[in-house]
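Only one structure is covered here, and it is reproduced in the block below.
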Amino acid sequence: MSKTYNIAVIPGDGTGPEVVAEGIKVLKVAAQKCDLTFNFTDYRLGGEHYKATGEILPDRTVQALEKADAIFLGAIGHPEVKPGILEKGILLKLRFHLDQYINLRPVKLYEGVETPIKNKGPADIDFVVVRENTEGLYAGAGGSLKYGTPDEVAVQESINTRKGVERCIRFAFDYCRKRDKRKKLTLCGKTNVLTYAFDLWERTFNEVAAEYPDIETDYAHVDAICMWMVKNPEWFDVIVTDNMFGDIITDLGAMVQGGMGIAAGGNINPEKVSMFEPIGGSAPKYTGKGIINPIAAISAAQLMMETLGETRAASLIESGVIKALRDDIEDVGAGKMGYSTSGVGDLIAAHIDSI
Ligand code: IPM
Ligand code: MN
C-alpha cells in the first residue's frame with residue numbers, strides 16, 4: 001500500500017529554489033519506484049519575502065511546518081538584508097522551535113569527485129559529523145553594555161545543558177552503531193580551555209559510552225580535529241561535537257568531500273519533524289544562471305528518506321548520485337559540471353528510473 005508523506009518546502013533565497021526543484025524531481029522518481037506519495041507544499045520565506053512583506057517567520061507558517069512529515073529547505077540569506085536577521089529569524093528559529101537537536105552532516109567523498117587532499121580517495125573520506133543544534137553559542141545568551149561607546153562590553157555565552165548534551169551524545173552512539181562501519185565515535189571538544197562546557201561533554205560522553213561497549217571511543221580537541229581531518233581523514237567514522245565547533249568543522253568537511261555543491265545536512269528531531277538542506281548558502285553570484293550544483297540538495301533529499309525510514313528510496317537516490325558523479329559530471333563546481341543545474345537533476349532522475 002502506498003505510503004504518503006506531506007513535505008513542506010521552503011525554497012528560500014538565491015539558488016535555493018533552483019536546487020530544491022531538482023531535489024523534488026529526484027524524490028518524485030524515487031517515489032514511483034518505491035510506491036510512495038509525496039505531497040509538496042511551498043512556503044515563501046526568506047529575504048525576498050521579507051523585503052516584500054516585512055514578514056520574517058509568521059506564526060501560521062510555524063504551525064503549518066510543525067504538522068509536516070519533513071521540511072525541505074533550499075537556502076536562507078540575502079545580500080540586501082543585514083546578516084543575522086534571516087539566519088536567526090528563520091533558520092535558527094526553526095531549528096530551535098522544532099527542537100531539531102541534531103545537525104547530521106555526512107562527509108563522504110564519492111568516486112569521480114576531486115578532493116583537495118593529496119593522496120586520499122573515497123576509501124579514506126567517509127565520516128559523519130553529529131553537531132548539537134539547539135544550544136552552545138547559538139543559544140543567544142548574552143548582551144551588550146554601553147553599545148557603540150569606547151567602553152562597550154559584549155558577552156556571548158555558550159549554554160550547555162546536561163539534557164541537551166546527553167541526547168546529542170546518545171544519538172551519536174546510536175547512529176554510529178546503526179551505521180555499522182568502523183564503529184568509532186570521536187568527541188570533538190576543547191577540554192584544555194573550555195573547562196566547564198567540555199567537562200560536561202566529556203563526563204557525559206564517558207558515562208554514555210559504558211552502555212555501548214561495541215563502539216570504540218576517542219577524543220580530540222577541535223583544533224587538532226581540523227588538522228587530522230586534512231591529514232588523516234580515514235581516522236574518523238562518527239564525530240560528535242557542540243553547535244559552534246560543528247558549524248566550523250563541517251565547512252572544512254564540505255571542502256574535504258569535494259565542495260559545497262555536494263554537502264548535505266539534516267536538522268533532526270528524532271521524535272518530531274526534521275528539516276533537510278544543502279549546507280551551502282544562497283550563492284547570490286550564481287543565482288538564476290542554472291549553473292549551481294544541485295547534488296547537495298539531492299543528497300539532502302536522500303537524508304530525508306533515510307531519516308523517515310525509507311531506506312530503499314534513500315539508497316536509490318544515492319545510487320543515482322554515485323553514478324552521475326562517477327560517469328557523467330566533470331567537476332562538482334558551479335559552472336564546471338558539463339551540465340546545467342536541471343541537467344544534473346535529469347541525469348540523476350534517469351539513473352534512478354533505470355534501476
Ligand atoms: C549552517 C549555517 C548556519 C549556522 C547559519 C546560516 C546561521 O552556517 O547551517 O552551517 O551557522 O548554523
Ligand atoms: Mn555553517
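One-based numbering, in listed order, for ligands and for the atoms of each. Small disclaimer: the values here were computed from a predicted structure and weren't measured. Residue numbers start at 1 and run along the sequence shown.
Contact between D247 and ligand 1 is present, with at least one heavy atom of the residue lying under 4.0 Å from the ligand. Distances shorter than 4.0 angstrom do not occur between any heavy atom of M244 and any atom of ligand 1.
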Please determine whether side chain to side chain donor-acceptor pair (under 3.5 Å) holds for the pair S158 and N160, giving the CA-CA distance in whole Å, both sets of side-chain angles, and the decisive distance to 0.1 Å. CA-CA 6 Å; S158 175; N160 298 263; 2.9 Å; yes
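In this model, a donor atom of one side chain and an acceptor atom of the other lie less than 3.5 Å apart for E310 and Y5. A donor-acceptor contact closer than 3.5 angstrom links the side chains of T161 and E135. Using modelled atom types and a 3.5 Å distance limit, the side chains of D328 and H351 yield a donor-acceptor pair. Using modelled atom types and a 3.5 Å distance limit, the side chains of D99 and N269 yield no donor-acceptor pair.
Closest to atom 7 (C) of ligand 1 among all protein heavy atoms lies E87 CB, 3.8 Å. Atom 11 (O) of ligand 1 has its closest protein heavy atom at Y138 OH, 2.6 Å. Looking at atom 1 (C) of ligand 1, its nearest protein heavy atom turns out to be R105 NH2, 3.3 Å.
Under 4.0 Å from ligand 1, the heavy atoms of R95 that appear belong solely to its side chain.
Between W228 and W235, the ring planes lie tilted relative to each other; the angle falls in the 30° to 60° range.
Residues V344 and I329 are in side-chain contact: their nearest non-hydrogen atoms beyond the backbone lie under 4.5 Å apart.
Nearest-heavy-atom check against atom 3 (C) of ligand 1 across I76, L91, D251 picks out L91.
Minimum-distance N/O/S atom of D247 relative to the Mn ion (ligand 2): OD1.
Near R131, meaning under 4.0 Å from one of its heavy atoms, ligand 1 places the atoms 1 (C), 4 (C), 10 (O), 11 (O), 12 (O).
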